[in-house]
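Quick note: numbers below take in every heavy atom, side chains included, and nothing from hydrogens, waters or symmetry partners.
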Amino acid sequence: MNMMMMNYQVDHQRIKTNGIWMHVAEKGTGPLVLLIHGFPELWYAWRHQISFLADNGYHVVAPDLRGYGDSDSPLSPSSYSMMHIVGDLVGLIDHFGQQKVYVVGHDWGAVAGWYLSLFRPDRVMGFVALSVPYYPRSPNCKTVQSIKKIYGDGCHVIQFQEPGRAERAFARYDYTTVMKKFLLITDKMIAPPDMEIIDFLETKWSLPPWLTEEDIQVYAEKFEESGFTGAFNYYRAMDLTWELLAPWQGSKITVPVKFIVGDKEFGFQSGGAKDFVEGDEFKSLVPDLEAVIIDGHHFIQEENPQEVSNQILSFLRKHPMDQ
């Protein structure tokens, strides 16, 4: 195991859930807090929050989502709908013998948390979403087409659709370079015409204080083992999820929610996201909502770890498990 991983003193196990084996890192005792990572990361994205929350009296569980790290990676994109991902998470909750848990999610992990809260509010005590708000399902336009209309063909979501395309593009770079390109994004992920997103993204060789070469190696080594296809399959299943979500058309998120976003988040400043988050529609879809804008870009739990940890802890204490 990478020495940086060992430094964070967490327990590791693989759990059978929803027909796959899922790797989790865990620490602490108390009410269960599920930390769900996004693209292109692992449980390690929560390295700062795991110890902080465990030290404050919580049992923290951070899985590698299906397709990532040491969890199983089914080959077919059709195995990556949000029904599958939520099923994996419900299985984890069942494994730990809990009726209700706190959920914290970032990026795709936030998407999974929104749908876990939508499908199974009986299992969610409260949800903290980082970076990605809850968008209503369009009744007429599939998700990929909706994104294409706003951002065009150069958007990473569009480029990741065709099996093999992004894999071939990423293969032109070593895994360390790929991770640097994504973790240090400060601008929107839209490439010019006829350019692959991985070629367009800048490679920054000087690192900010919040990210070390050793951190990057943790990610790079795991993706070198697994490849990126499992991660891309989340994007390739977006329209399948759209079809399966039809019964929940117009449904609201009823659990308590705190939404945290960085003021320099590329997805927040473009495509109308800021107006949506600050407007009435988001609050009507998520009635029990607290929205917080903090200093940072996309990977805010790593870039601004203490602020994010404090925000999470204040939310957990505001909604005690024994109420």
Side-chain angles (χ1 to χ4, degrees), residues 33-41 45-50 52-53 56 62 102-118 124-136 146-147 150-151 155-157 182-190 201-202 204 208-211 252-319:
V33 182
L34 200 57
L35 304 179
I36 317 171
H37 70 82
F39 175 89
E41 297 203 283
W46 302 105
R47 57 196 177 277
H48 305 294
Q49 287 73 37
I50 290 172
F52 177 83
L53 294 173
N56 277 280
Y102 298 104
V103 180
V104 183
H106 173 254
D107 188 81
W108 270 109
V111 178
W114 285 120
Y115 288 118
L116 175 58
S117 300
L118 179 67
V124 179
M125 189 69 198
F127 173 44
V128 180
L130 275 58
S131 301
V132 178
Y134 177 67
Y135 288 109
S146 295
I147 292 171
I150 298 171
Y151 296 108
C155 176
H156 68 290
V157 173
F182 278 100
L183 290 175
L184 299 177
I185 285 173
T186 57
D187 203 356
K188 54 181 180 271
M189 291 187 16
I190 302 172
L201 294 177
E202 184 182 355
K204 296 178 181 174
W210 59 269
L211 191 67
K252 298 178 186 294
I253 302 292
T254 58
V255 305
V257 174
K258 176 180 274 190
F259 175 67
I260 307 171
V261 66
D263 58 351
K264 294 176 280 292
E265 157 74 50
F266 58 82
F268 185 57
Q269 299 294 344
S270 62
K274 186 173 187 291
D275 290 340
F276 174 74
V277 167
E278 295 177 343
D280 294 334
E281 186 179 12
F282 188 32
K283 295 178 181 65
S284 72
L285 291 164
V286 189
D288 193 351
L289 173 69
E290 177 186 359
V292 180
I293 301 173
I294 67 172
D295 180 51
H297 295 83
H298 183 63
F299 298 97
I300 48 173
Q301 77 272 40
E302 293 163 277
E303 182 183 358
N304 195 348
Q306 195 57 56
E307 175 67 15
V308 169
S309 295
N310 290 339
Q311 289 285 349
I312 294 170
L313 183 61
S314 71
F315 177 81
L316 303 186
R317 288 177 169 168
K318 185 178 177 181
H319 301 280

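Side-chain atoms of D295 and K264, non-hydrogen and from C-beta on, do get closer than 4.5 Å to each other. Side-chain contact between E41 and Q301 is present, with at least one heavy-atom pair separated by less than 4.5 Å. Counting only heavy atoms from C-beta outward, the side chains of Y134 and F259 never approach each other to under 4.5 Å. With a 4.5 Å cut-off on side-chain heavy atoms, P256 and K318 do not count as touching. With contacts defined as side-chain heavy-atom distances shorter than 4.5 Å, the pair D107/S131 does not qualify. Side-chain contact between I147 and C155 is present, with heavy atoms from C-beta onward closer than 4.5 Å. Two residues are said to be in side-chain contact when any heavy atoms from C-beta on lie closer than 4.5 Å; L116 and F127 fail this criterion. Within the 4.5 Å cutoff, side-chain heavy atoms of I293 are placed close to those of E278.
The closest donor-acceptor contact from the side chain of K258 to the backbone of Q311 lies under 3.5 Å. The backbone N or O of L289 sits nowhere less than 3.5 Å from a side-chain atom of K283 that would complete a donor-acceptor pair.
The line from CH2 of W46 to CD1 of I36 is 8.5 Å long, rounded to the nearest 0.5 Å. To the nearest 0.5 angstrom, K274 atom NZ is 10.0 Å from D263 atom CG. How far NE2 of H319 is from OG of S314: 9.0 Å, rounded to the nearest 0.5 Å. With values rounded to the nearest 0.5 angstrom, I294 atom CD1 is found 4.5 Å from N304 atom CG. Here the NE2 atom belonging to H48 is positioned 11.0 Å from the CD atom belonging to E303, to the nearest 0.5 angstrom. Atoms CD and CG, on Q49 and L313 in that order, are 11.5 Å from each other to the nearest 0.5 Å.
Nearest heavy-atom pair across V132 and A129 is O-CB, 4.1 Å. Taking every heavy atom of both residues into account, P40 and F182 meet most closely at CG-CB, 3.8 Å. Summarising the geometry of F268 relative to V277, their closest heavy-atom pair is CE1-CB, 3.8 Å, with the distance given to 0.1 Å. Across V103 and G113, no two heavy atoms sit closer than the pair CG1-CA, 4.1 Å. Scanning all heavy atoms of the two residues, the minimum distance from P136 to L285 falls at CD-CD1, 3.6 Å. The shortest non-hydrogen separation linking P133 to W114 is C-NE1, 3.3 Å.
Annotation: F315 is not in aromatic contact with Y102 [ring centroid separation under 6.0 Å not met].
Using a 30° and 60° split on the angle between ring planes, H106 and H298 fall in the tilted class, from 30° to 60°.
Applying the side chain to side chain contact (heavy atoms under 4.5 Å, CB included) test to Q306 and every residue at least two apart in sequence or in another chain returns F52, S309, N310. Applying the ring-ring contact (aromatic ring centres under 6.0 Å, His included) rule to H37 yields the partners Y68; only residues at least two apart in sequence or on another chain are considered. For Y151, there are no ring-ring contact (aromatic ring centres under 6.0 Å, His included) partners two or more places apart in sequence or in a different chain.
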Next on the checklist: Go through it in stages, so that I can follow the logic: the residues are L316 and L53, the test is side-chain contact (heavy atoms from CB on, under 4.5 Å), and I'd like the CA-CA distance, side-chain angles, deciding distance and then a yes or no.
Outcome noted: CA-CA 10 Å; L316 303 186; L53 294 173; 4.1 Å; yes

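The side-chain contact (heavy atoms from CB on, under 4.5 Å) test with F266 singles out one residue from I190, T186, I185, and that residue is I185.
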